[in-house]
Amino acid sequence: MEQGNFSMVAEFILLGLTDSLELQIFFFVFFSIIYTAIVFGNLLIILTVIFDPHLHSPMYFLLANLSFIDMSLASFATPKMIHSLASKHKAISYQGCMAQMFFLHLFGGSEMMLLVAMAIDRYIAICKPLHYATIMNHRACFGLVLLSWTTGFVHTMSQMIFTVTLPFCGPNVVDSFFCDLPRVIKLACLDTYVLELLVIADSGLLSLICFILLLISYSIILVTVRLHSSSGSSKAFSTLSAHITVVVLFFGPCIFIYVWPFSSISLDKTLSVFYTIFTPLLNPIIYTFRNKDMKRSIKKLKNQHVSCRLTF
């Protein structure tokens with residue numbers, strides 16, 4: 001059958017999280033509050049790092065970039081989901097659907113590489129402290145961030161370049177609250193077996209390999225920290241535990257969705273909510289409340305803001 005004989009789908013129907021009206025009202029209020037907290041929390045970290053000279057170090061520069069990616073990751077689908085919860089017509093345009101999948105894998109791939117960059121930063125700081133300032137200079141930091149975004153862009157383009165050429169002639173119902181690549185490509189009017197394998201190989205294996213590499217690197221760092229019984233070790237261990245927590249929270253759901261072959265639709269929805277909404281919320285909480293320097297800088301920034309308001 002020729003591709004020209006297909007009538008293109010103009011929009012996709014997103015079934016969302018539930019059919020229950022009561023739960024939809026609850027989720028609308030709940031996720032509106034959560035999304036506001038995500039934007040506020042991550043913006044607070046970004047502004048604190050920018051305006052406090054004491055935080056102008058590689059670790060906090062990378063942390064600010066992580067906050068920006070987290071805020072973006074939460075924004076590619078959450079506002080649309082909140083709007084759909086309050087609307088009877090739960091549809092998204094074809095272009096909007098493609099955009100969601102593009103940005104999901106752009107931000108997801110970028111965050112994976114950025115977490116690796118943060119692990120490299122901690123490795124050099126703890127295992128090679130005398131050479132840290134020389135190795136992790138401004139050029140190296142910008143290079144790592146640029147590499148993260150490049151990885152995300154290549155990762156999403158390697159999948160989207162094939163997805164946008166697929167013909168969609170119906171059905172157009174996606175059983176999720178956003179356009180998820182594995183579910184959307186199944187709706188194409190062609191055999192997508194090879195493309196599904198590509199998605200698993202690209203997203204699943206990338207997540208799994210990065211996760212394993214991060215666990216190995218952090219294990220080496222933790223061994224190094226334990227061998228040094230100094231006052232700085234407890235601070236280093238606290239920072240590392242925060243990083244490891246973020247890694248597990250982000251990679252766990254991604255690996256389960258893209259690698260584990262027996263996951264159900266309801267479980268996939270729950271895990272999707274977790275890594276697109278709850279992880280961007282938990283990251284600022286983990287880094288803020290476990291980091292004394294960050295808490296002190298936020299308090300200082302708050303006091304300066306209050307002083308400026310009183311002055312004017």
Asks: Between CG of L63 and CE of M118, what distance do you get to the nearest 0.5 Å?
Replies: 5.5 Å

Asks: What's the shortest heavy-atom distance between A91 and K80, and which atoms?
Replies: O-NZ, 2.8 Å

Asks: Any heavy-atom pair between the side chains of L44 and P284 that's under 4.5 Å?
Replies: no

Asks: Count I, L, V, M, F, W, Y as connected when their side-chain heavy atoms are under 4.5 Å apart, and connections chain through other members. Are I286 and I46 then in the same cluster?
Replies: yes

Asks: Looking at CD1 of I33 and CZ of F28, how far apart are the two atoms once the value is rounded to the nearest 0.5 Å?
Replies: 10.5 Å

Asks: So how far is it from D180 CG to K186 NZ, rounded to the nearest 0.5 Å?
Replies: 11.0 Å

Asks: Is there side-chain contact between L104 and Y275, with heavy atoms separated by less than 4.5 Å?
Replies: yes

Asks: Could you pull out the closest heavy-atom pair between L214 and L115, with the gap in Å?
Replies: CD2-O, 3.5 Å

Asks: Side-chain contact test, heavy atoms from C-beta onward, threshold under 4.5 Å: evaluate it for V174 versus L187 and give yes or no.
Replies: yes

Asks: Would you find a donor on one side and an acceptor on the other, under 3.5 Å apart, between the side chain of D293 and the backbone of L55?
Replies: no

Asks: Can you check whether F178's main-chain N or O pairs, donor with acceptor, with Q100's side chain at less than 3.5 Å?
Replies: no

Asks: Does M294 offer a backbone N or O that forms a donor-acceptor pair with the side chain of S297 under 3.5 Å?
Replies: no

Asks: Kindly determine whether R296 and H54 satisfy side-chain contact (heavy atoms from CB on, under 4.5 Å), including the steps that lead there.
Replies: CA-CA 10 Å; R296 184 165 51 246; H54 296 95; over 6 Å; no

Asks: Is there a side-chain contact between L17 and F31 (heavy atoms, below 4.5 Å)?
Replies: yes

Asks: Are the side chain of Q24 and the backbone of T18 linked by a donor-acceptor contact shorter than 3.5 Å?
Replies: yes

Asks: Taking a hydrophobic cluster as the set of Ile, Leu, Val, Met, Phe, Trp and Tyr residues connected by side-chain heavy atoms closer than 4.5 Å, whether directly or through intermediates, do V145 and V154 fall within one such cluster?
Replies: no

Asks: Any sub-3.5 Å donor-acceptor pair from S87's side-chain atoms to H83's backbone N or O?
Replies: no

Asks: Counting C-beta onward and ignoring hydrogens, is there a side-chain heavy-atom pair between F61 and F142 closer than 4.5 Å?
Replies: yes

Asks: Counting only N and O atoms by type, is there a donor-acceptor contact under 3.5 Å from the side chain of S93 to the main-chain atoms of G96?
Replies: yes

Asks: Look up atom OG1 in T276 and atom CZ in F76, then write down how far apart they are to the nearest 0.5 Å.
Replies: 5.5 Å

Asks: Quick check: is F177 connected to I25 through a chain of hydrophobic side chains (ILVMFWY, heavy atoms under 4.5 Å apart)?
Replies: no

Asks: Evaluate whether atom CZ of F162 has more than 12 neighbouring non-hydrogen atoms of other residues, nucleotides or ligands under 6.0 angstrom away.
Replies: no

Asks: Got more than 12 heavy atoms from elsewhere within 6.0 Å of CZ, F274?
Replies: yes

Asks: For F153, is the CZ atom crowded, meaning more than 12 foreign heavy atoms sit under 6.0 Å from it?
Replies: no

Asks: Taking all non-hydrogen atoms of both residues into account, name the closest pair between A37 and L281 and its distance.
Replies: CB-CD1, 3.8 Å

Asks: Surrounding NE2 of H56 (heavy atoms of other residues, nucleotides or ligands, distance under 6.0 Å), is the total greater than 12?
Replies: yes

Asks: Tell me whether the rings of F168 and F12 are parallel (<30°), tilted (30 to 60°) or perpendicular (>60°).
Replies: perpendicular

Asks: Given 3.5 Å as the limit, does a donor-acceptor pair link the side chain of K90 with the main chain of M81, or not?
Replies: no

Asks: Among residues at least two apart in sequence or on other chains, which ones pass ring-ring contact (aromatic ring centres under 6.0 Å, His included) with F68?
Replies: none

Asks: Would F103 and S72 count as a side-chain contact (heavy atoms from CB on, under 4.5 Å) here? Give the steps.
Replies: CA-CA 9 Å; F103 285 116; S72 302; over 6 Å; no

Asks: Determine whether I120 and W149 fall in the same hydrophobic cluster, where Ile, Leu, Val, Met, Phe, Trp and Tyr are linked whenever their side-chain heavy atoms lie under 4.5 Å apart.
Replies: yes

Asks: For a quick test of reading the model, state the closest non-hydrogen atom pair linking A117 to L62 and the distance between them.
Replies: O-CD1, 3.9 Å

Asks: Using modelled atom types only, decide if a donor and an acceptor are shared between the side chain of D52 and the backbone of V49 within a distance under 3.5 Å.
Replies: no

Asks: Side chains of P280 and M71, heavy atoms from C-beta outward: is any pair under 4.5 Å?
Replies: no

Asks: So, the side chain of T151 versus the backbone of G109: is there a donor-acceptor pair under 3.5 Å, distance only?
Replies: no

Asks: Can you tell me how far apart OG (S84) and CD1 (I92) are? Round to the nearest 0.5 Å.
Replies: 7.5 Å

Asks: Tell me whether L114 shares a hydrophobic cluster with I50, the cluster being built from Ile, Leu, Val, Met, Phe, Trp, Tyr side chains joined at under 4.5 Å.
Replies: yes

Asks: Rounded to the nearest 0.5 Å, what separation is found between the CD1 atom of I38 and the OG1 atom of T78?
Replies: 6.0 Å

Asks: List the atom of I220, the atom of Y123, and the distance in Å for their closest heavy-atom pair.
Replies: CG2-CE1, 4.4 Å

Asks: Nearest heavy-atom pair of T165 and I161: which atoms, and what distance?
Replies: CG2-O, 3.5 Å

Asks: Over 60° means perpendicular and under 30° means parallel, so tell me whether F26 and F30 are parallel, tilted or perpendicular.
Replies: parallel

Asks: Measuring only between side-chain heavy atoms, which start at C-beta, is D70 closer than 4.5 Å to E111?
Replies: yes

Asks: Please report the C-alpha distance between M136 and L144 in whole Å, then the side-chain angles of each, then the deciding distance to 0.1 Å, and finally whether the side-chain contact (heavy atoms from CB on, under 4.5 Å) criterion is met.
Replies: CA-CA 10 Å; M136 289 301 295; L144 287 172; 3.8 Å; yes

Asks: With a cut-off of 6.0 Å (strictly less than), are more than 12 heavy atoms of other residues, nucleotides or ligands near CG of L21?
Replies: yes

Asks: With side-chain contact (heavy atoms from CB on, under 4.5 Å) as the test, would you mind laying out the steps for Y35 and I277 before giving the verdict?
Replies: CA-CA 7 Å; Y35 181 67; I277 299 176; over 6 Å; no

Asks: Residues in disulfide (SG to SG under 2.5 Å) with C210, at least two apart?
Replies: none

Asks: Tell me, do S148 and N65 make a side-chain contact under 4.5 Å, heavy atoms counted?
Replies: no

Asks: When you measure from the side chain of S110 to the backbone N and O of L106, does any donor-acceptor pair fall under 3.5 Å?
Replies: yes

